[in-house]
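Presented below is the structure to which this report refers.
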Amino acid sequence: MAKPTGFLEFERETPTRRAVESRVHDWLEVYEDFPVSHLKQQAARCMDCGIPFCHQGCPLGNIIPDWNDLVYRDKWQDAIERLHATNNFPEFTGRLCPAPCEGACVLGINSDPVTIKQVELTIIEHAFAAGWVKPQPARVKTGKTVAVIGSGPAGLAAAQQLARAGHGVTVFERDSRIGGLMRYGIPDFKMEKRFLDRRMEQMTAEGVVFRPGVNVGRDIDARELLAQFDAVCLSGGATHARNLEVPGRELEGVYYAMEYLPMQNKRNAGDEIPASRFISAEGKRVIILGGGDTGADCLGTALRQGAREILQYEILPKPPASRSSDNPWPTYPNIYRVSSAHEEGGARDYSVMTKSLSGENGKLTTLHAVRVEFVSEDGRQVMREVPGSEFAEPVDLIFLAMGFLGPEKPGMLEQLGVELTERGNVRGDENKMTSVPGVFTAGDMTRGQSLIVWAIAEGRAAARGIDQYLMGETLLPIN
Ligand SMILES: Cc1cc2nc3c(=O)[nH]c(=O)nc-3n(C[C@H](O)[C@H](O)[C@H](O)COP(=O)(O)OP(=O)(O)OC[C@H]3O[C@@H](n4cnc5c(N)ncnc54)[C@H](O)[C@@H]3O)c2cc1C
Ligand code: SF4
C-alpha cells in the first residue's frame, strides 16, 4: 500500500483545463500537464483494498492498486509493465475513457474516488518519454496469417496481440488512415492524433501490415480474404447511425455527427477538402440532437469553427447531480457531467423531442419540438408529450448524435453470412468466433456502440481465440 494515511491526507485532484478563451481557438488537447509530485499524492490515496472493486469496474481488469503503489514508490518501469500486461494502449484509455474503474473505486463510497485514469496516463507518457515503449516483435514466427478488418481500438488490440504471438497480421481499413473512431470521430481536442501515429510505428516495427483505403466487401470480397488468410477478425465497429425520422429530415443542413466530425479531423490532418463539401458551423445557428459524448464532440467542434449559437437537446430528463438510489456504487454513476466542450459554450436542454423540421427552398430554417415527461405506468417508465409545450427554434445546421444501431450489414457481413444477435450485432461465442469457422469478431461490431476500453478488451479476447484456433493452444492472456 502506497501510504496508509494517504486517503485521509490528500483530496482528489485532477488536471486543469487550458483557459477557454485560448483553447477554443485551436485544436490541441484541452488538459494541462499534471505535475508528478501531485500525481504521487493521488496515487497515495489508494487504499490497496482487500477486494479492489476498481478491477471489476475495469473491462480490462487493470491491476490498478499495484500501479498506484509503484508510482508512489517511483518504480515507473515496473508500473508500465504492470499496466501493459492488461492494456495495449493506456495512452488512449488514459485520455478518453469515462473510467468505470473510478465509478467502482471503494474510496468513492464516502469520499472522492482515486484519480485512476490520470495515474494511468502519466505512467504511459512517462514510459514513452523514457524510451521504454519499444517494439516487441515475436521471436518465433508461426507461418499463420490473420486478416483484421477495421482499425479501431478492437482491431488494433487484436492485431498487436496476434503479431506478438508470431502470426502474420494484415489490418484492412476502408478509411484513408488507421485508427477507427479514434482517428476520425473523436476530435483532436480530446486526443491529438500523434498519439495514434506513435503506436502505429511500434506496431509496424512488430510486423503488422496496415492497408488503409481498402473497403472489404466492396474493393475485395470478404470470402476471398477468408480463402487467403488462415483466420479473419471482424472489427468494423457499429457505424450504422440512428436517423431522425421526422418530416423535413431531407432538408439541406441536417447531418449525422459522423458526417460532420471526420471532415474537421481530416482538415486538421492536412487533407484538402473543398469548401463546397466542407460542413462548417461558422456563423451558423446550430442544434445538436443527443446529449451524449458524440453530441459534446459536435459542440466543441462547432464552437471552434465559430458557430453563432449552439443548443444541445436531449430527449431524456436531466441526470441528477449525484447518484440516485437505483444507481448505487459500484455501478457507473449516471450523473450530470460538464465536459470540456460544455464548459466552453452552448446551452443544454432536456426532455425535448423533435417533431418536425421545416425550411425554405430546400434549406433547413426551423426545428419544431415538444417537451416530454416520463411517467410510471404499470411499473414501466412511459414517455408522454406535455400538452401545450410545443415550440419552434430557428436553426441553420442540425447534427444528429442520437446513437448507433449496430454494424452495417451490406458488403462484408452479408458476403460472409455470419449470424447476428437479436440486436443486429455479429454473434460471437466465448472465444469470439462467429458462426463461420475461422471468422472471429471484436469490439462494437459484436457489442454494439460502446467504449474504447471495451474494444481493447474485446480485441485481446479475439486474439486469444484466434491463437487457440490456429495453434491448438495459446499463451495469450485472458484479460
Ligand atoms: C464521436 C464519438 C466519440 C466517442 N468518444 C469516446 C470517448 O471519448 N471514449 C470512449 O471510450 N469511447 C468513445 N466513443 C466510442 C468508441 O469510439 C468506440 O466504442 C470504439 O472506437 C469502438 O472500437 P472498434 O474498434 O470496435 O470500432 P471503430 O472504432 O468504429 O473502428 C471500426 C473501423 O472499421 C472500419 N471498417 C468498417 N467496415 C469496414 C470494411 N468493410 N472494410 C474495411 N474497414 C472497415 C471503419 O472504417 C472503422 O475505422 C466515441 C464514439 C463516437 C462516435
Ligand atoms: S478500489 Fe480504489 S482505493 Fe481500492 S484498490 Fe482500487 S483504486 Fe485503490
Side-chain angles (χ1 to χ4, degrees), residues 1-2 6-7 43 45-58 62-69 92-93 95-102 104-109 111 113-116 119 148-158 171-175 177-187 190-191 211-220 222 225 234-239 241 257-258 260-262 292-298 301 330 339 401 403-404 407-408 410-413 415 441-456 458-459:
M1 182 173 184
F7 69 100
R45 293 184 72 235
C46 176
M47 305 183 292
D48 195 9
C49 304
I51 301 177
F53 275 74
C54 52
H55 272 216
Q56 269 94 339
C58 175
N62 279 343
I63 314 162
I64 293 160
D66 281 24
W67 23 275
N68 281 334
D69 177 57
F92 306 155
T93 44
R95 288 185 167 80
L96 298 167
C97 193
C101 55
E102 293 187 12
C105 172
V106 176
L107 195 52
I109 296 175
S111 178
V114 174
T115 319
I116 299 169
V119 176
V148 174
I149 305 168
S151 69
L156 293 179
V171 178
F172 293 89
E173 168 57 56
R174 66 184 172 192
D175 260 322
R177 290 187 182 83
I178 296 298
L181 287 173
M182 296 188 300
R183 174 72 68 178
Y184 287 138
I186 290 167
K190 273 171 61 180
M191 184 173 82
R211 290 199 51 198
V214 180
N215 189 336
V216 177
R218 195 192 66 192
D219 302 332
I220 178 168
L225 274 193
L234 307 178
S235 42
T239 42
M258 281 305 294
Y260 172 56
L261 294 170
D293 285 347
T294 305
D297 291 347
C298 292
T301 302
S339 73
F404 295 83
E408 293 166 36
M412 175 173 82
L413 297 187
Q415 285 170 1
T441 184
D444 284 2
M445 188 146 248
T446 177
R447 286 184 70 78
Q449 188 71 218
S450 181
L451 295 175
I452 289 163
V453 66
W454 269 113
I456 298 172
E458 289 262 343

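Ligands are counted one by one from 1 in listed order, and the atoms in each one are counted from 1 as well. Quick caveat: nothing in here was measured; it's all calculated off a predicted structure. All residue numbers refer to positions in the sequence shown, counting from 1.
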Specify the protein heavy atom at minimum distance from [atom]: its residue, its atom name, and the distance to 0.1 Å.
atom                    : result
atom 3 (S) of ligand 2  : M47 N, 3.4 Å
atom 26 (O) of ligand 1 : D444 N, 2.8 Å
atom 6 (Fe) of ligand 2 : C54 SG, 2.3 Å
atom 9 (N) of ligand 1  : L96 O, 2.8 Å
atom 39 (C) of ligand 1 : R174 CD, 3.9 Å
atom 1 (S) of ligand 2  : V106 N, 3.2 Å
atom 8 (Fe) of ligand 2 : C46 SG, 2.4 Å
atom 34 (O) of ligand 1 : G150 CA, 3.1 Å
atom 28 (P) of ligand 1 : L181 N, 3.9 Å
atom 2 (Fe) of ligand 2 : C105 SG, 2.4 Å
atom 3 (C) of ligand 1  : D297 OD2, 3.0 Å
atom 37 (C) of ligand 1 : G236 O, 3.1 Å

Classify the contact between [X] and ligand 1 as side chain, backbone, both or neither, using a heavy-atom distance cut-off of under 4.0 Å.
X    : answer
E408 : neither
R183 : neither
I452 : both
A257 : neither
L156 : neither

Query raised in the report: Does at least one non-hydrogen atom of G217 fall below 4.0 angstrom from an atom of ligand 1?
Result: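 No, G217 has no heavy atoms under 4.0 Å from ligand 1.
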Query raised in the report: Is it true that V214 lies under 4.0 Å from ligand 1, counting heavy atoms only?
Result: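 True for this residue.
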Short N or O distance, [X] and ligand 1, threshold 3.5 Å exclusive:
X    : value
G179 : no
T294 : no
E173 : yes
M412 : no
P153 : yes
V216 : yes
A455 : no
F404 : no
T239 : no

Distance, nearest 0.5 Å, that separates [atom1] of [X] from [atom2] of [Y]:
X    : Y    : atom1 : atom2 : answer
I64  : C101 : CD1   : SG    : 4.5 Å
L181 : I452 : CG    : CD1   : 8.0 Å
D293 : L96  : CG    : CG    : 9.5 Å
N62  : W67  : CG    : CH2   : 5.0 Å
E458 : S235 : CD    : OG    : 10.5 Å
L107 : C46  : CG    : SG    : 8.5 Å

Hey, does the side chain of [X] reach the backbone of [Y] with a donor-acceptor pair shorter than 3.5 angstrom?
X    : Y    : value
E173 : S151 : yes
D444 : S450 : yes
T441 : L234 : yes
Q415 : G217 : yes

Query raised in the report: Among D219, N215, V216, whose side chain to side chain contact (heavy atoms under 4.5 Å, CB included) with R174 holds?
Result: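 When D219, N215, V216 are each tested with R174, the side chain to side chain contact (heavy atoms under 4.5 Å, CB included) holds only for N215.
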For [X], the ligand 1 atoms whose distance to one of its heavy atoms is below 4.0 Å:
X    : result
G152 : 25 (O), 29 (O), 31 (O)
K190 : 5 (N), 7 (C), 8 (O)
I149 : 40 (C), 42 (N), 43 (C)
I186 : 3 (C), 4 (C), 5 (N), 6 (C)
Q449 : 15 (C), 18 (C), 19 (O), 51 (C)
S450 : 15 (C), 19 (O)
N215 : 40 (C), 41 (N), 42 (N)
L261 : 1 (C)

Report task. Write down the atom of A222, the atom of M412, and the distance for their closest heavy-atom approach. Result ->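 Here A222 and M412 meet closest at CB-O, 4.0 Å.
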Query raised in the report: Got a sec: is C49 within less than 2.8 Å of atom 4 (Fe) of ligand 2 via an N/O/S atom?
Result: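 Coordinating: yes.
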Query raised in the report: Would D175 and Y184 satisfy side chain to side chain contact (heavy atoms under 4.5 Å, CB included), going step by step from the backbone distance to the final call?
Result: CA-CA 9 Å; D175 260 322; Y184 287 138; 3.5 Å; yes
Query raised in the report: Relative to the heavy atoms of I116, which atoms of ligand 2 are at a distance of less than 4.0 Å?
Result: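 So the atoms of ligand 2 that pass are 7 (S).
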Query raised in the report: Just which atoms of ligand 2 are under 4.0 Å from any heavy atom in P65?
Result: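 Selected atoms, number and element: 5 (S).
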**Report entry** Side chain to side chain, D297 and K190, heavy atoms closer than 4.5 Å
**Finding:**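 In short, these two side chains touch, coming nearer than 4.5 Å.
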